[in-house]
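Bear in mind the structure is a predicted one, so any value in this text is a computation, not a measurement. Worth knowing before you read on, the calculation uses all heavy atoms, side chains too, and leaves out hydrogens, waters and symmetry mates.
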Amino acid sequence: MAVEEQDFRVDIDQIIKDKAGAKAKYIPGFVVSWLKKILHQDEVNSYLTGRAKGKMGKDFLDECVKYLEMNITLQTKIDGVVRPGLDALPGNEGGRWFTIVSNHPLGGEDGVALGSIVCGKWDSKMVYLVNDILMNLKGLAPLCVPINKTGGQSRNFPKMVEAAFHSERNVVMFPAGLCSRKQDDGSIRDLPWKKTFITKSIETKRDVIPVHFSGHNSERFYNIARFCKKFNLKVNLAMLFLVDEMYKNVGKEFTVTFGEPIPWQTFTDKSKTPAEWAQWVQDKVYEL
């Protein structure tokens, strides 16, 4: 009889042992306790082994949205006219698949909520391009690219991209790769978007749907990110606080605005490079 795969749990003690090896014993206990607190180890594990247990795909995402008490206003903006809901957007009839790209203001719950919304509109016909950590969540398995993870995500990412874009599912991406940062003028905006969604949308003839997700993290988060950038730290310390930021955003209101699909042929115009087209789409997102 096959042994059932165990549910993913956050285990700070084991992570430290895996990363620090023999040096783990020199890490002060108060540091370990602080990490467990800032990563909400007990709360996350209670959720994963409790109300989320056994839920898969859209059901898992919907339960996450409920757990985080997200109050979402969903709308579409086409030709300058804002309409409630997504009825104005086309379906996947005739084998028409989309690349859905969004800004990434929160770093966690925006991804969960966007997946729930897309699954609801397009009958769960979507696929995420996600990082190694999220791939450990069994509830997301039906929505992730089934790639052998041997060698790590970075080595397999090109294969993940190929598999996703050549699938008969809508691809959901956050082209910035990291969540938004505070700019010098005080605005919250993504880092420059990577061009992959442009080149692959052309290759697979997918129209691009831009999405704007409202919201922001705390000043603490942006200050830490600014500190890392100022001192050119290779370790992304800000990411360590994303779970805590998620819990700080519980119960808040968010507006998610979908724009009109942009024909893939738009990006074949050589007046812009793929990287420039990516920034053009990012600008369109912030106009929503």
Side-chain angles (χ1 to χ4, degrees), residues 57-58 61 74-79 83 85-104 110-131 134-135 140 142-147 153 156-177 190 192-213 256-288:
K58 184 178 184 298
L61 294 174
L74 185 59
Q75 59 189 26
T76 309
K77 186 176 181 181
I78 297 179
D79 294 330
R83 302 174 176 85
L86 300 183
D87 290 344
L89 293 177
N92 294 132
E93 294 80 5
R96 185 185 183 187
W97 305 105
F98 302 104
T99 304
I100 300 166
V101 293
S102 174
N103 64 316
H104 202 14
D110 44 2
V112 168
L114 184 58
S116 173
I117 293 166
V118 170
C119 281
K121 168 62 180 177
W122 287 283
D123 194 26
S124 296
K125 295 176 181 177
M126 64 153 278
V127 60
Y128 277 123
L129 289 175
V130 299
N131 61 35
L134 290 180
M135 291 177 88
L140 287 181
L143 307 174
C144 296
V145 182
I147 292 294
Q153 180 199 0
N156 287 304
F157 188 69
K159 294 180 181 179
M160 293 173 65
V161 172
E162 284 296 315
F165 277 90
H166 285 90
S167 69
E168 294 186 343
R169 291 191 279 176
N170 302 296
V171 177
V172 175
M173 293 184 69
F174 295 96
D190 275 5
W193 281 13
K194 297 176 177 62
K195 66 181 180 180
T196 301
F197 78 95
I198 295 291
T199 57
K200 289 301 177 182
S201 293
I202 294 173
E203 179 184 322
T204 55
K205 297 180 172 56
R206 291 172 176 262
D207 294 345
V208 173
I209 298 180
V211 181
H212 181 267
F213 206 110
V256 183
T257 307
F258 281 65
E260 184 174 7
I262 304 170
W264 64 268
Q265 295 92 335
T266 303
F267 310 119
T268 62
D269 187 330
K270 301 301 182 182
S271 64
K272 292 182 177 63
T273 65
E276 290 171 337
W277 277 120
Q279 293 312 116
W280 181 84
V281 176
Q282 188 192 95
D283 291 339
K284 290 293 182 184
V285 163
Y286 283 98
E287 290 173 6
L288 294 173

Kindly compute the distance separating [atom1] ([X]) from [atom2] ([Y]), expressed to the nearest 0.5 Å.
X: Asn170; Y: Lys121; atom1: CG; atom2: NZ; answer: 10.5 Å
X: Met173; Y: His104; atom1: CE; atom2: NE2; answer: 11.0 Å
X: Gln279; Y: Lys272; atom1: CD; atom2: NZ; answer: 12.0 Å
X: Phe98; Y: Ile209; atom1: CZ; atom2: CD1; answer: 4.5 Å
X: Ile198; Y: Trp277; atom1: CD1; atom2: CH2; answer: 8.0 Å
X: Lys125; Y: Arg169; atom1: NZ; atom2: CZ; answer: 11.5 Å

Do you know the tightest heavy-atom contact between [X] and [Y]?
X: Pro210; Y: Val285; value: CB-CG2, 3.7 Å
X: Lys58; Y: Ser116; value: CE-O, 4.2 Å
X: Tyr286; Y: Asp190; value: OH-N, 2.8 Å
X: Thr76; Y: Ala88; value: CG2-CB, 4.3 Å

[X] side-chain N/O to [Y] backbone N/O, donor-acceptor pair under 3.5 Å:
X: Tyr128; Y: Gly111; answer: yes
X: Asp269; Y: Ser271; answer: yes
X: Ser102; Y: Phe174; answer: no

What residues, two or more places apart in sequence or in another chain, satisfy side-chain hydrogen bond (donor to acceptor under 3.5 Å, both in side chains) together with [X]?
X: Asn103; value: none
X: Thr99; value: Ser201
X: Asp283; value: Arg189
X: Arg96; value: Asp207

Are Trp97 and Val171 close enough, and set up right, to give a side chain to side chain contact (heavy atoms under 4.5 Å, CB included), and what steps lead you there?
-> CA-CA 8 Å; Trp97 305 105; Val171 177; over 6 Å; no
Taken in chain and number order and not counting sequence neighbours, the residues that satisfy salt bridge (charged side-chain N to carboxylate O under 4.0 Å, His left out) with Lys200 are Glu162, Glu203
The side-chain contact (heavy atoms from CB on, under 4.5 Å) partner of Trp280 among Glu276, Lys284, Gln282 is Lys284
side-chain contact (heavy atoms from CB on, under 4.5 Å) with Val118: of Leu86, Ile100, Val211, Leu61, only one passes, and it is Ile100
Considering only distance and modelled atom types, tabulate donor-acceptor pairs under 3.5 Å from the side chains of residues 257-264, sequence neighbours left out.
from	atom 1	to	atom 2	distance (Å)
Thr257	OG1	Gln75	NE2	2.9

- prompt: Between Phe267 and Val208, is a side chain to side chain contact (heavy atoms under 4.5 Å, CB included) present by the stated rule, with each step listed?
  reply: CA-CA 10 Å; Phe267 310 119; Val208 173; 3.6 Å; yes
Q) Tell me, do Trp122 and Leu89 make a side-chain contact under 4.5 Å, heavy atoms counted? A) yes
Can you tell if the side chain of Cys119 reaches within under 4.5 Å of the side chain of Leu143, non-hydrogen atoms only? yes
Quiz item: Does Lys205 NZ have over 12 foreign heavy atoms under 6.0 Å away?
Solution: no
More than 12 heavy atoms of other residues, nucleotides or ligands under 6.0 Å from CD of Glu168: yes or no?
no
